[in-house]
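Predicted model, so just to flag it, every value in this text is computed and none were measured. Each chain gets a letter, A, B and so on, in the order the sequences are listed, and its residues count up from 1.
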Amino acid sequence: MPELPEVETVVRDLRPHLVGSRIASLRVSRHRLRQRWLPAWNQLLLGRQVKEIRRRGKWICALLDDDRYLVFHLGMSGQLTIVARELPVQKHTHVIFDLDDGVSQLRFRDIRRFGLVVVVEDQAALEALLDPGKLGPEPFDLKPAYWRRRLTATRRCLKAALLDQRLVAGVGNIYADESLFEAGLPPTQRGSQTSADEADRLRRSIVRVLNRAIARRGSSIQSYVGGEGLQGEYQNEFRAYGRTGEPCPRCDTPIERIRLAGRSTHFCPRCQKKAVRGR
DNA sequence: ATAGGCGCCTGCTGGC
DNA sequence: TGCCAGCAGGCGCCTA
């Protein structure tokens with residue numbers, strides 16, 4: 001579910017509530033997530049204060065006052081929210097942290113359980129988890145030369161390349177489609193057939209689309225909510241994703257849907273054509 | 001190198 | 001009304 005804009009929204013929402021707060025107590029459900037919760041973590045976390053919280057790709061990392069990290073990944077349906085203690089606990093809530101203000105909780109809820117909550121020992125262990133070999137640069141820090149090089153070095157299609165977290169971190173199915181639409185590039189085009197100009201256009205399109213989505217607090221389709229439980233608004237501005245059969249906002253040609261890299265892919269067959277000039 | 005398939009889960013929708 | 005297939009913001013593993 002959540003891609004970079006959603007995760008960024010969660011982190012921004014949580015930061016003012018979490019930074020400076022201590023974990024007074026916690027509870028964990030017995031359902032396992034992508035990775036099992038280690039019982040030892042309960043003791044480690046008690047009384048710990050959150051020093052800072054930040055995003056890396058689709059990962060959420062909270063630095064604790066013992067230099068450990070509490071790390072979250074939202075998978076497809078994860079929700080990480082600040083909630084008043086007295087509010088009923090929703091089904092599929094897997095971890096509850098009571099904060100030391102005595103009134104609020106941090107809750108991790110995940111219907112499909114593809115998400116992850118782990119405690120990481122130190123900075124080095126965090127770097128191993130988010131190894132640059134597995135997790136590429138942030139889209140906003142993409143160096144044009146790097147991007148051109150990586151993109152043209154692969155024979156995979158652009159859609160598959162965008163979804164590969166090693167090339168660029170944080171782009172998922174929605175924003176891959178939206179970025180390719182913005183750039184006017186066909187999702188099926190091979191990376192190796194991409195000109196320097198096109199690579200650059202794509203890079204700038206990714207940044208623009210993600211920034212717009214962040215400004216709208218991400219996209220809510222089914223389960224996504226931000227750190228304060230609010231839905232996003234960017235789903236109302238999709239131009240390709242999920243708009244199969246609807247008119248292209250630029251040329252009115254019906255948006256098509258195909259399967260690429262195992263994922264549903266939406267595009268305008270007219271605007272997103274190799275070597276079209278203008279529109 | 002890379003495509004495709006599966007598995008991990010639950011829930012919703014649409015067709016019959 | 002029920003049942004079943006297919007779909008869904010991710011990702012890791014396996015095979016060919």
Going only through I, L, V, M, F, W and Y residues with side-chain contacts under 4.5 Å, is there a path from Ile96(A) to Leu64(A)? no
Rounding to the closest angstrom, what is the interatomic distance between dC7(C) and dG4(B) at atom P? 15 Å
What is the distance from OH of Tyr241(A) to P of dA8(C), rounded to the nearest Å? 6 Å
Give the rounded distance in Å between these two atoms: CD of Gln79(A) and P of dG10(C). 16 Å
dC6(B) and dA5(C): how far apart are their P atoms, nearest whole angstrom? 15 Å
Nearest listed nucleotide, side chain of Ser264(A), among dA8(C), dG10(C), dG11(B): dA8(C)
With sequence neighbours excluded, tell me which residues meet ring-ring contact (aromatic ring centres under 6.0 Å, His included) with Tyr241(A). Phe238(A), His266(A)
Please write out which residues are connected to Ile258(A) in a hydrophobic cluster, directly or through intermediates, given that two of Ile, Leu, Val, Met, Phe, Trp, Tyr count as joined at side-chain heavy-atom separations below 4.5 angstrom. Leu260(A), Phe267(A)
Any residue meeting salt bridge (charged side-chain N to carboxylate O under 4.0 Å, His left out) with Glu121(A), in chain and number order, not counting sequence neighbours: Arg68(A)
Cation-pi check, Arg203(A) onto Tyr146(A) ring (under 6.0 Å, within 45° of axis): no
Please list residues of residues 109-118 of chain A whose heavy atoms come under 4.0 Å from any atom in DNA chain B, ordered by number; otherwise none. Ile111(A), Arg112(A), Arg113(A), Phe114(A)
Rounded off to whole Å, could you give me the CD1-to-C1' distance for the Ile60(A) and dG10(C) pair? 14 Å
Taken to the nearest whole Å, NE2/His94(A) to C1'/dC8(B) is 13 Å
Suppose we screen for side-chain hydrogen bond (donor to acceptor under 3.5 Å, both in side chains). Which residues come up paired with Tyr175(A), at least two apart in sequence or across chains? Glu6(A), Ser219(A)
Rounded to whole angstrom, note down the P distance from dG5(B) over to dG6(C). 13 Å
Each residue besides Ile111(A) in its hydrophobic cluster should be listed here, by chain and number; the cluster joins Ile, Leu, Val, Met, Phe, Trp and Tyr at side-chain heavy-atom distances under 4.5 Å. none
Span that lies between the C1' atom of dT1(C) and that of dT10(B), in whole angstrom: 22 Å
What I want to check is whether the side chains of Gln90(A) and Gln79(A) have a donor and an acceptor closer together than 3.5 Å. no
Is there a side-chain contact (heavy atoms from CB on, under 4.5 Å) between Gln231(A) and Val225(A) once you walk through the steps? CA-CA 5 Å; Gln231(A) 300 209 324; Val225(A) 292; 4.3 Å; yes
How does protein reach along nucleotides 11-16 of chain C, written 5' to 3' as B (base within reach of a heavy atom under 4.0 Å), S (only sugar-phosphate), or - (no contact)? S-----
Base, sugar-phosphate, or nothing for Arg259(A), non-hydrogen atoms under 4.0 angstrom? sugar-phosphate
Just to confirm, is there a sub-4.0 Å distance from OP1 or OP2 of dT10(B) to any side-chain nitrogen or oxygen of Lys91(A)? no
Under the salt bridge (charged side-chain N to carboxylate O under 4.0 Å, His left out) test, which residues partner Arg208(A), sequence neighbours left out? Glu182(A)
Could you list all the salt bridge (charged side-chain N to carboxylate O under 4.0 Å, His left out) pairs where at least one residue sits in residues 69-88 of chain A, not counting sequence neighbours? Arg85(A)-Asp98(A)
Do the ring planes of His94(A) and His92(A) sit parallel (below 30°), tilted (30 to 60°) or perpendicular (above 60°)? tilted
Apply the side chain to side chain contact (heavy atoms under 4.5 Å, CB included) test between Trp59(A) and each candidate in Val71(A), Val11(A), Val7(A), Leu126(A); give the one that qualifies. Val71(A)
Got a list of protein N/O to nucleotides 1-4 of chain B N/O distances below 3.5 Å?
unit_1, atom_1, unit_2, atom_2, d
dT2(B), OP1, Thr154(A), OG1, 2.9
dT2(B), OP1, Arg155(A), N, 2.8
dT2(B), OP2, Thr154(A), OG1, 3.4

Across all chains, not counting sequence neighbours, the ring-ring contact (aromatic ring centres under 6.0 Å, His included) partners of Trp147(A) are none
Any chance you could encode DNA chain C as dot-bracket? Rule is Watson-Crick or G-U wobble with both distances under 3.5 Å; [ ] for pairs crossing earlier ones, | for another strand. .|||||||.|||||||
Using OP1 and OP2 only, check whether a side-chain N or O of His31(A) sits under 4.0 Å from dT10(B). no
Using a 4.0 Å heavy-atom cut-off across all strands, classify Arg257(A) as base, sugar-phosphate, or nothing. sugar-phosphate
